[in-house]
2 protein chains.
Amino acid sequence: MIELDDLDRQILRALVRDATQSASALGRRIGLSQPATWRRIKRLEEAGVIRGRQLRVNAEALGFGVTVFLGVKLATKGRVSLEDFERAVSAIPEVQTVEHVLGLYDYRLRIVARNLADFERVLRRRIMTLPGAGQVEANVLLSEERLAGPI
Amino acid sequence: MIELDDLDRQILRALVRDATQSASALGRRIGLSQPATWRRIKRLEEAGVIRGRQLRVNAEALGFGVTVFLGVKLATKGRVSLEDFERAVSAIPEVQTVEHVLGLYDYRLRIVARNLADFERVLRRRIMTLPGAGQVEANVLLSEERLAGPI
DNA sequence: TGTGAAAGCTGTTCCGG
DNA sequence: CCGGAACAGCTTTCACA
């Protein structure tokens, strides 16, 4: 855990929105020189606050128009079955995210498909045949907004 | 929608894992020159396949050890109440993502908090007082894996 | 901490196969 | 479509207030 000042917070918020902007452009906006901005970014990386930079891919542009969040309840859950389930679900190409959670469901999956018919195929032939998969609950994504969070 | 070849797919998969790597380093690994790799990335950006690059912030390193997914069912849902709800929920600092979904719930929120006691505070004083908020269902995140998806 | 300047790479754009 | 060469701009480092 590390303490941030206002400038650090401004830097993080700006880079969460767009990680391509240069340290000089960012520094100019927040009233800091280019090396000063760069050193702060480096410090945040070394402190583990910045985990990396990730490409945001637009699945729709590739023909995957449907995104579904799937809550999955396992029928049997020992340590082995958790690992088996995770390994098997990670091998499904349509699965974008695997979240192990506590609550009504054991896993939450983010799945993309070309359309709803394609999603039904994934659900029936890939998900429901997973080792240990029990009850599922689906939510179809309509729109999504990513915020900075409490930075 | 755009057709990708193997090289495009390799580029996307590599940049989803780490968007910091240079076109020359990436090109060397997939057997392409630096300008050729750069041109492909540029083409993917212009086609809208690449939406941008985002910083991945480690909330735990900032003292936010608890991540909760919250399904929210609205009590009343006209067009106005949807917009009111979205505006109000976007203003809560602890909310990282707002997903408008179809299914048992109307919205799915990704919320971070310092600990479970802090989450209870957010839930009682921020979420439950939202305009139109009805039934909620929480899932506490244990671990998460982000995959490339069907690229 | 902050600034300013210098060195090495990268992104970006040419042109020719 | 690719690769090679050139330039501007950036990242990265250093010295100093």
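Computed from a predicted structure; not experimentally measured. These values consider heavy atoms only, across backbone and side chains, with no hydrogens, waters or symmetry-generated copies. Each chain gets a letter, A, B and so on, in the order its sequence line appears, and its residues count up from 1.
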Asks: Please check: side-chain N/O of Gln21(B) versus main-chain N/O of Asp18(B), any donor-acceptor pairing under 3.5 Å?
Replies: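 Yes; judged by distance alone, with no hydrogens or angles, the pair exists.
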Asks: Would you indicate what Ser22(B) reaches in the nucleic acid, counting non-hydrogen atoms under 4.0 angstrom: base, sugar-phosphate, or nothing?
Replies: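 It contacts sugar-phosphate atoms only.
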Asks: Rounded to whole angstrom units, what separation is found between the CG atom of Leu15(B) and the C1' atom of dT10(C)?
Replies: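 Leu15(B) atom CG is separated from dT10(C) atom C1' by 14 Å.
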Asks: Tell me the interatomic distance from Ile41(A), atom CD1, to dT13(D), atom P, rounded to whole angstroms.
Replies: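 Distance check: Ile41(A) CD1 to dT13(D) P gives 14 Å.
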Asks: When you get a sec, tell me which of dC2(D), dG3(D), dT3(C) is the closest nucleotide to the side chain of Leu7(B)?
Replies: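 Nearest listed nucleotide: dC2(D).
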Asks: What integer distance in Å separates Asp6(A):CG from dG2(C):P?
Replies: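 The answer, rounded to whole Å, is 13 Å.
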Asks: Does dT12(D) have OP1 or OP2 under 4.0 Å away from a side-chain N or O of Trp38(A)?
Replies: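 So the side-chain polar atoms of Trp38(A) do come within 4.0 Å of the phosphate oxygens OP1 or OP2 of dT12(D), strictly under.
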Asks: Which whole-number value in Å describes the distance from Arg43(B) CZ to dT12(C) P?
Replies: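 Atom-to-atom, Arg43(B) to dT12(C), this comes out as 16 Å.
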Asks: Roughly how far, to the nearest 0.5 Å, is the CD1 atom of Ile30(B) from the CZ atom of Arg9(B)?
Replies: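 Taking CZ in Arg9(B) and CD1 in Ile30(B), the distance rounds to 12.5 Å.
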Asks: Give Arg40(A) one of three labels, base, sugar-phosphate or nothing, depending on what nucleic acid heavy atoms sit under 4.0 Å from its own.
Replies: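 It contacts sugar-phosphate atoms only.
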Asks: Is any side-chain N or O of Arg39(B) under 3.5 Å from a base N or O of dG3(D), one able to act as donor and the other as acceptor?
Replies: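 Pair found.
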Asks: Rounded to whole angstrom units, what separation is found between the CG atom of Leu32(B) and the C1' atom of dT10(C)?
Replies: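 For the pair Leu32(B) CG and dT10(C) C1', the rounded distance is 16 Å.
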Asks: Could you tell me how far apart Leu26(B) (CG) and dC9(C) (P) are, to the nearest whole angstrom?
Replies: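 The answer, rounded to whole Å, is 19 Å.
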Asks: Of the options Arg53(B), Arg51(B), Arg40(B), which is the one that meets Glu45(B) in a salt bridge (charged side-chain N to carboxylate O under 4.0 Å, His left out)?
Replies: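 In the set Arg53(B), Arg51(B), Arg40(B), the residue that makes a salt bridge (charged side-chain N to carboxylate O under 4.0 Å, His left out) with Glu45(B) is Arg53(B).
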Asks: Check every atom of dT10(C), dG2(C), dG4(D) against the side chain of Pro35(B) and return the nucleotide holding the closest atom.
Replies: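 Given the options dT10(C), dG2(C), dG4(D), the side chain of Pro35(B) is closest to dG4(D).
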Asks: Just checking, Arg110(B) and Phe69(B): is the charged tip under 6.0 Å from the six-membered ring centre and within 45° of the axis?
Replies: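 No cation-pi geometry.
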Asks: NZ of Lys42(A) versus C1' of dC10(D): gap in Å, rounded?
Replies: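 The distance from NZ of Lys42(A) to C1' of dC10(D) comes to 14 Å, rounded to the nearest Å.
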Asks: Between the base of dG11(C) and the side chain of Gln34(B), is there a donor and acceptor pair under 3.5 angstrom?
Replies: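 Such a pair exists between side chain and base.
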Asks: Round to the nearest Å and state the distance from Glu46(A) atom CD to dT12(D) atom P.
Replies: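 It is 11 Å, rounded to the nearest whole Å.
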Asks: Within the distance-only criterion (no hydrogens, no angle test), does the side chain of Ser81(B) pair as donor or acceptor with the backbone N or O of Thr76(B) below 3.5 angstrom?
Replies: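 Checked: pair present.
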